[in-house]
Amino acid sequence: MPLGHAAGRGQAGEHETTTIGPQMNTTAVLTDDEVGILLAAAVQAPSIHNTQPWRFEVQGPVIDVLLDEERTLAVADPVGRAARIGIGAAVFNLRVAAGMLGHESRGVPNPDPMLPQVAARLFLAARTSPVPDLSRLYGEVGRRHTYRGPLLSRSVPPNVLHKLDEAAHAEGADLHWLGPAEVTELGSMLRRADSDDLHDEDRLHERLQWIGGDRPADGIPANALGPLPARHSLVRDLSAGFDSAQRSRAVYEPDPTIAVLCTPDEDTAAWVRAGLALQRVLLVATTYDLAASFLNQVIERTEPRYQLRDLIGDHSWPQMVIRIGYPAQPAGRTHRRDWRESFDQWF
Ligand SMILES: Cc1cc2nc3c(=O)[nH]c(=O)nc-3n(C[C@H](O)[C@H](O)[C@H](O)COP(=O)(O)O)c2cc1C
């Protein structure tokens, strides 16, 4: 065990700044089977370009989620914002699986200033009965996929939008639903960002390393990119022109439902929290057979991100642009590394 590592952990509450979940005593010890169930759920989380930028360390009832610097994107995500959102989503999946097993859990972003690579720490309580609001989402963890195909014209009912709002609020974030004029404005911003991306050799080179072709363990395979939009649409074509020959074409819906996931703060802890909120929203959406994809080209660049912030106008920080609706066709799948490849156990 590396010196100082165990010393950085302790009872829930140590070093904490903000927490996720209830107050509790952490007396649980996880069995090997439980660790497998928890981490198999964690790695199903979404991550930018399916980089899976996480490592997990389990010690007694504590799971640390570390940022894997070797799996971050130097060009698209130089400060690790998107990577931490993916880590937050993985932490939410851990909480869902723990809740299904009967463990209450509590998370702390950035738990230890001496260990900045630990992006989040999860404390698990002794096993009792399933945690209702989390365990009911467990079945959605493997069903959720990013869907980049066209959406049906059926609109999302207001009561369902309200449930998604509640999901974001539960994790301290907000969904800002764009009205028609804002969607039009966003469309112009997306076109400019797409054009900038296409002229950015470093970015294209980075994308080529992760996107297209067959990707059995990470990255986005060509068959998960969705059809090529027949004309410019409110969907992101991550291929940047590669793999076009293998892909069908489709006409996309002209007026998708779009929400911007926003956090009140903008720092590493806020990014982890944004990931928790994102994943709670996506899993709740999946319970209603909704699917989502993302238009984050306007988040990855500073200028359009500030323009989007102005468009929303409430001084919160846009973290994800989410296009949401009922899928018109099945989603292509991305794959994951085996969870054991990103796991260390400490005794
Ligand atoms: C922070 C973040 C940013 C993302 N940005 C985009 C995006 O702009 N466009 C897109 O189509 N998918 C985006 N994704 C989705 C990932 O590509 C996707 O989660 C990953 O490929 C794994 O596939 P899955 O979601 O189907 O499991 C993003 C995901 C995260 C967590």
Side-chain angles (χ1 to χ4, degrees), residues 40-54 67 71-73 76-93 119 140-149 151 173 186 189-190 193-194 197 203 206-207 209-212 215-229 233-240 252 256 258 260-261 263 268 270-283 285-286 291-301 304-305 308 317-324 327 330-337:
V43 301
Q44 295 303 316
S47 60
I48 186 165
H49 295 4
N50 196 20
T51 46
Q52 305 164 40
W54 42 62
L67 180 69
R71 303 185 73 86
T72 57
L73 301 177
D77 185 32
V79 295
R81 190 189 61 78
R84 283 183 175 79
I85 292 177
I87 283 177
V91 172
F92 189 74
N93 278 5
E140 312 302 338
V141 166
R143 233 163 60 84
R144 180 217 60 84
H145 295 285
T146 303
Y147 170 75
R148 300 184 181 85
L151 299 170
L186 175 70
M189 291 162 54
L190 290 169
D194 281 340
D197 281 2
R203 204 170 283 250
E206 188 174 74
R207 277 205 213 173
Q209 291 175 340
W210 290 99
I211 297 172
R215 305 269 173 180
D218 54 14
I220 307 178
N223 67 2
L225 289 171
L228 279 171
S233 307
L234 287 164
V235 65
R236 186 176 190 185
D237 181 10
L238 276 170
S239 76
Y252 279 69
I258 295 184
V260 183
L261 180 79
T263 51
T268 50
W271 300 336
V272 172
R273 285 187 162 277
L276 279 130
L278 172 70
Q279 188 65 354
R280 193 187 274 265
V281 167
L282 294 177
L283 294 184
T286 309
S293 72
F294 311 98
L295 307 167
N296 266 30
Q297 59 268 56
V298 290
I299 303 270
E300 287 167 18
R301 290 176 177 276
R305 189 168 180 224
L308 183 60
W317 291 92
Q319 305 291 357
M320 298 290 297
V321 181
I322 308 174
R323 163 186 171 266
I324 198 156
R333 296 288 170 96
T334 54
H335 304 284
R336 298 294 188 274
R337 294 173 296 154

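All ligand and atom numbering here is 1-based and tracks the order in the structure. In this chain, numbering begins with 1 at the start of the sequence shown.
- Numbered from 1 in the order shown, with element, the atoms of ligand 1 that lie under 4.0 Å from a heavy atom of Ile220 read 17 (O), 21 (O).
- Atoms of ligand 1 lying under 4.0 Å from at least one heavy atom of Ala82, given by number and element, are 1 (C).
- Distances between N or O atoms of Ser47 and those of ligand 1 include at least one value under 3.5 Å.
- One side chain, Arg336 or Asn50, offers a donor N or O that lies under 3.5 Å from an acceptor on the other.
- Judged by distance alone, the side chain of Asn93 and the main-chain N or O of Val141 form no donor-acceptor pair under 3.5 Å.
- Within ligand 1, the atoms closer than 4.0 Å to a non-hydrogen atom of Asn50 are 20 (C), 21 (O), 22 (C), numbered from 1 in the order shown.
- No donor-acceptor pair under 3.5 Å is formed between the side chain of Arg148 and the backbone N or O of Val235.
- Considering only non-hydrogen protein atoms, atom 27 (O) of ligand 1 sits nearest to Arg336 NH2, 2.6 Å.
- Residues Arg236 and Phe294 have side chains not in contact (no heavy-atom distance under 4.5 Å, counting atoms from C-beta outward).
- Of the possible polar contacts, one joining the Asn296 side chain to the Val321 backbone as a donor-acceptor pair under 3.5 Å is found.
- The protein heavy-atom contact nearest to atom 5 (N) of ligand 1 is Asn296 CB, 3.7 Å.
- For a threshold of 3.5 Å applied to N or O pairs, the pair formed by Gln44 and ligand 1 contains no separation below that value.
- Assignment of Arg144 to the shell around ligand 1 is supported, since a heavy atom sits closer than 4.0 Å.
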Item to check | Steps toward salt bridge (Lys or Arg N to Asp or Glu O under 4.0 Å) verdict (Glu206, Arg203) | outcome: CA-CA 5 Å; Glu206 188 174 74; Arg203 204 170 283 250; over 6 Å; no
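- Residues His335 and Arg215 form no side-chain contact, since every pair of their non-hydrogen atoms from C-beta on lies 4.5 Å or further apart.
- For atom 25 (O) of ligand 1, the nearest non-hydrogen atom of the protein is Thr146 OG1, 2.5 Å.
- The closest side-chain heavy-atom distance from Leu73 to Trp210 is below 4.5 Å.
- Proximity of Arg333 to ligand 1, defined as any heavy-atom pair under 4.0 Å, is not found for any part of the residue.
- Heavy-atom separations between Met320 and ligand 1 include at least one value shorter than 4.0 Å.
- Contacts with ligand 1 closer than 4.0 Å are made by side-chain heavy atoms of Arg236 only, the backbone lying farther away.
- From the protein, the heavy atom lying nearest to atom 30 (C) of ligand 1 is Ile48 N, 3.6 Å.
- Any N or O atom pair closer than 3.5 Å counts here, and Glu300 shares no such pair with ligand 1.
- Residue Gln319 does not touch ligand 1, judged by heavy-atom distances below 4.0 Å.
- When the heavy atoms of His335, Gln279, Arg148 are ranked by distance to atom 12 (N) of ligand 1, first place goes to Arg148.
- Any N or O atom pair closer than 3.5 Å counts here, and Phe294 shares at least one such pair with ligand 1.
- In this structure, a donor-acceptor pair under 3.5 Å is absent between the side chains of Thr51 and Arg71.
- Residue Pro46 has at least one heavy-atom neighbour below 4.0 Å for each of these atoms of ligand 1: 19 (O), 25 (O), 31 (C).
- In terms of modelled atom types and a separation under 3.5 Å, the side chain of Arg144 and the main chain of Gln44 share a donor-acceptor contact.
- The distance criterion of under 3.5 Å between nitrogen or oxygen atoms is met by Thr334 with respect to ligand 1.
- Here the side chain of Arg323 pairs no donor or acceptor atom with the backbone of Leu295 at under 3.5 angstrom.
- For Leu238, every heavy-atom contact with ligand 1 shorter than 4.0 Å involves the side chain, none the backbone.
- The main-chain N or O of Ala217 is found under 3.5 Å from a side-chain atom of Gln52 such that the two form a donor-acceptor pair.
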